[in-house]
Amino acid sequence: MANGDVDRVSHDLISLLSSDERDFVVRNNGDQVKISNLSGKTVGLYFSGSWCGPCCRFTPNLVEVYEELLPKGDFELVFISSDRNDESFDGYFAKMPWLAVPFSDSETRKRLNELFNVRGIPHLVILDANGKVLTDQGVRIVREYGVDGYPFTAEKIQFLKEEEEAAKKNQSLSSILVFGSRDYLVSNDGNKIPVPELEGKIVCLYFSLQTHPLCAEFTSKLVEAYKKLKERGENFEIVLIPLDYEDENFKKGFETMPWLAVPFKDKSCEKLARYFELENLPTLVVIGPDGKTLHSNVTELIEDHGTEAYPFTPKKLAELAEIEKARLESQTLESILVSGERDFVIDKSGSKVPVSELVGKNILLYFSARWCPPCRAFLPKLIEAYKEIKEKDNAFEIIFISSDRDQSSFDDFFAGMPWLALPFGDERKKFLSRKFKIQGIPAAVAIGPSGRTVNKEARQLLTAHGAEAYPFTEEHLKHLEEKLEEMVKGWPEKLKHELHLEHELVKTRRNSYACNGCREMGHGWSFYCKQCDFDLHPKCALKKNEGTKDDEKAEGFVCEGDVCRKA
């Protein structure tokens, strides 16, 4: 369903929100409001906590929507706190103009979390006037549509989606950049530039976040390319779509940019991010002279080709693709690891190992850092796979490429590795990260004996298959998949397990998940409960009378991107 799976049960608000000793909810000034006063209203249950970064960023948006809807008189919100003490609750609730279940009533708060299967916060469940769940995806709806999402029915959300689709079909520069009464953009010297002045130009929309390291790095390259194109007299412009949370960060970043911007905190920024289905930062969307989208993201093209990628037309992209193909086919180990006099890597003693000694081997470039918890968790698995592979094929080596912040951290982390490394702070690290588009760590890139790239997702393959993933070639992986499919045929379609007695677990193909048994990442297949979002590795699910005990399970929450999830 477009606005999420919903509960068809009709909830009685008094039974839902009250306890034996309490028939009221509270305001942040201490006033008590009878729950019966909510009867006949659309009510949102807002599960949130002051310690949760995504919650703190979302709450101001929700306040804005709530205050716009307040005059209607038929909408109310009730805060269900995940705070850990009264002081935190009081400080956070003070910023909310709506109601709350008293913090002291932990039983009701716990019951509501369980009833509505709250597995991550912020979480917003919206009930209609009859107590039926309209949506459990209120956070997403408020983020995407704001007050326009009211009254949060499936019909209204479907209408808004259809409206967006129609807008895409009739897209123009004005339909993208004009919002409400604002028909201008701003320059970093404070001038207002009417949107119509950009009509007929190639316009790049630059989605950026000043505090994001990759954005800061890319901005300097984009400034260089922008100035060159302007010097050439190209009919071209860039418009920043700022996604910053703080005005100070926006100003600091924008003052270095010679182009235009949508005003900071303009409501159209999040709308444009949704409209262009933003997935990564930075993103540079190209709008052609006719107002239509030419390309969804040309950041990599700018990184690799600079101004030669302009004007980003299909013909130009085809030319660049041929250049890139030729470049990949001519790639050698020396071409990616040798830079000037830096023609070596180092071993554990710090001694230099010439790159020439590694030519003809299968090489794994391992991007990692000591400060990164997933890297530390992955390292023992990689060491185990390394030793197993070396026993079978000595013509295999790993090179550690560090993102550590100081020499001491690098030394400490590298000391536990049985392979080679680039020296700490080596300039080649930036080149390799950019060349292989490393967006996160740990990451591993497999290079074949010829020096060509074999696989950029070797880390995921090692996680899924261990040493059996070697040598990471398409032919070998196809063979592995065939073996796995044969094995899967022998597994039951459903099973019950002591770690999840509530429902049967169903054999399900899953791209990526965290096993609720051993807490390790899984890929490919899982025994899965969709209702509870519960996964078990096949090895955990099929293990007889074993498994992780309940008291071994992690407690609390883990924040990931825009949501804090139960660990």
Side-chain angles (χ1 to χ4, degrees), residues 48 50-65 67 92 95 121-122 139-140 142-147 176-193 195 198 203-226 237-287 296-300 302-303 439-440 559-564:
S48 184
S50 64
W51 51 266
C52 163
C55 295
C56 293
R57 292 194 292 271
F58 175 71
T59 295
N61 295 345
L62 189 57
V63 169
E64 188 175 334
V65 169
E67 290 179 341
Y92 193 35
K95 302 172 183 177
I121 55 175
V139 171
R140 179 178 60 79
V142 169
R143 279 195 181 123
E144 292 184 359
Y145 302 109
V147 73
I176 297 170
L177 293 177
V178 173
F179 188 78
S181 60
R182 179 189 56 74
D183 60 355
Y184 61 86
L185 303 165
V186 295
S187 59
N188 58 16
D189 58 5
N191 289 327
K192 294 181 178 180
I193 312 298
V195 171
L198 276 62
V203 177
C204 286
L205 307 181
Y206 182 34
F207 292 86
S208 180
L209 183 66
Q210 174 61 25
T211 54
H212 194 300
L214 293 178
C215 291
E217 187 177 332
F218 180 69
T219 295
S220 61
K221 296 183 179 68
L222 190 57
V223 168
E224 183 182 347
Y226 178 85
E237 191 53 76
I238 295 176
V239 177
L240 173 68
I241 313 298
L243 302 176
D244 301 278
Y245 300 114
E246 303 294 336
D247 182 52
E248 184 179 346
N249 291 334
F250 165 71
K251 289 178 179 176
K252 182 180 178 182
F254 190 38
E255 67 184 11
T256 68
M257 302 176 186
W259 46 75
L260 307 176
V262 169
F264 176 65
K265 285 286 187 182
D266 192 277
K267 291 182 180 179
S268 68
C269 293
E270 286 194 13
K271 185 176 180 181
L272 288 168
R274 182 181 72 256
Y275 181 88
F276 288 105
E277 300 176 358
L278 188 68
E279 293 183 355
N280 300 306
L281 287 177
T283 285
L284 195 65
V285 178
V286 183
I287 308 299
S296 59
N297 190 6
V298 295
T299 52
E300 289 187 5
I302 295 289
E303 289 269 14
Q439 299 292 325
C559 293
E560 300 173 346
D562 282 334
V563 69
C564 288

Legend entry - Crowding at CD, E277 (>12 non-hydrogen neighbours, <6.0 Å): no

Using side-chain heavy atoms (C-beta onward) and a distance below 4.5 Å, is [X] in contact with [Y]?
X: W259; Y: N188; answer: no
X: M257; Y: L222; answer: no
X: W51; Y: I121; answer: yes
X: L185; Y: V262; answer: yes
X: V239; Y: L198; answer: yes

Considering all heavy atoms, the nearest [X]-[Y] contact:
X: F264; Y: D244; result: CE1-O, 3.4 Å
X: L281; Y: C215; result: CB-SG, 3.8 Å
X: P242; Y: F250; result: CB-CD1, 3.6 Å
X: P122; Y: P54; result: CD-CB, 3.9 Å
X: T219; Y: S208; result: OG1-OG, 4.4 Å
X: V186; Y: F254; result: O-CZ, 3.6 Å

Please enumerate all residues that pass salt bridge (charged side-chain N to carboxylate O under 4.0 Å, His left out) together with [X], with sequence neighbours excluded.
X: E217; value: K221
X: E255; value: none
X: K267; value: E64, E68
X: D266; value: R182

Any residue meeting side-chain contact (heavy atoms from CB on, under 4.5 Å) with [X], in chain and number order, not counting sequence neighbours:
X: N297; value: T283, L284, T299
X: V178; value: S174, D183, V195
X: A225; value: T307

Results of side-chain hydrogen bond (donor to acceptor under 3.5 Å, both in side chains) for [X] - residues two or more places apart only:
X: D247; value: K251
X: Y92; value: S48, T59
X: E237; value: Y226, K230
X: Y145; value: none

Here the gap from L205 atom CG to S296 atom OG, rounded to the nearest 0.5 Å, amounts to 12.0 Å

dist L214:CG -> Q439:CD (nearest 0.5 Å) comes out at 5.5 Å

* To do: Please confirm whether the backbone N or O of Q210 pairs with a side-chain atom of N249, one donor and one acceptor, at under 3.5 Å?
  => no

Sorted by chain and residue number, the ring pair (Phe, Tyr, Trp, His ring centres under 6.0 Å) partners of F218 (sequence neighbours excluded) come out as Y206

#### Entry: CA sep, side-chain torsions, deciding dist, call: V203, I176, side chain to side chain contact (heavy atoms under 4.5 Å, CB included)
CA-CA 11 Å; V203 177; I176 297 170; over 6 Å; no

Would you please test H212 and L243 for side chain to side chain contact (heavy atoms under 4.5 Å, CB included) and show each step? CA-CA 10 Å; H212 194 300; L243 302 176; over 6 Å; no

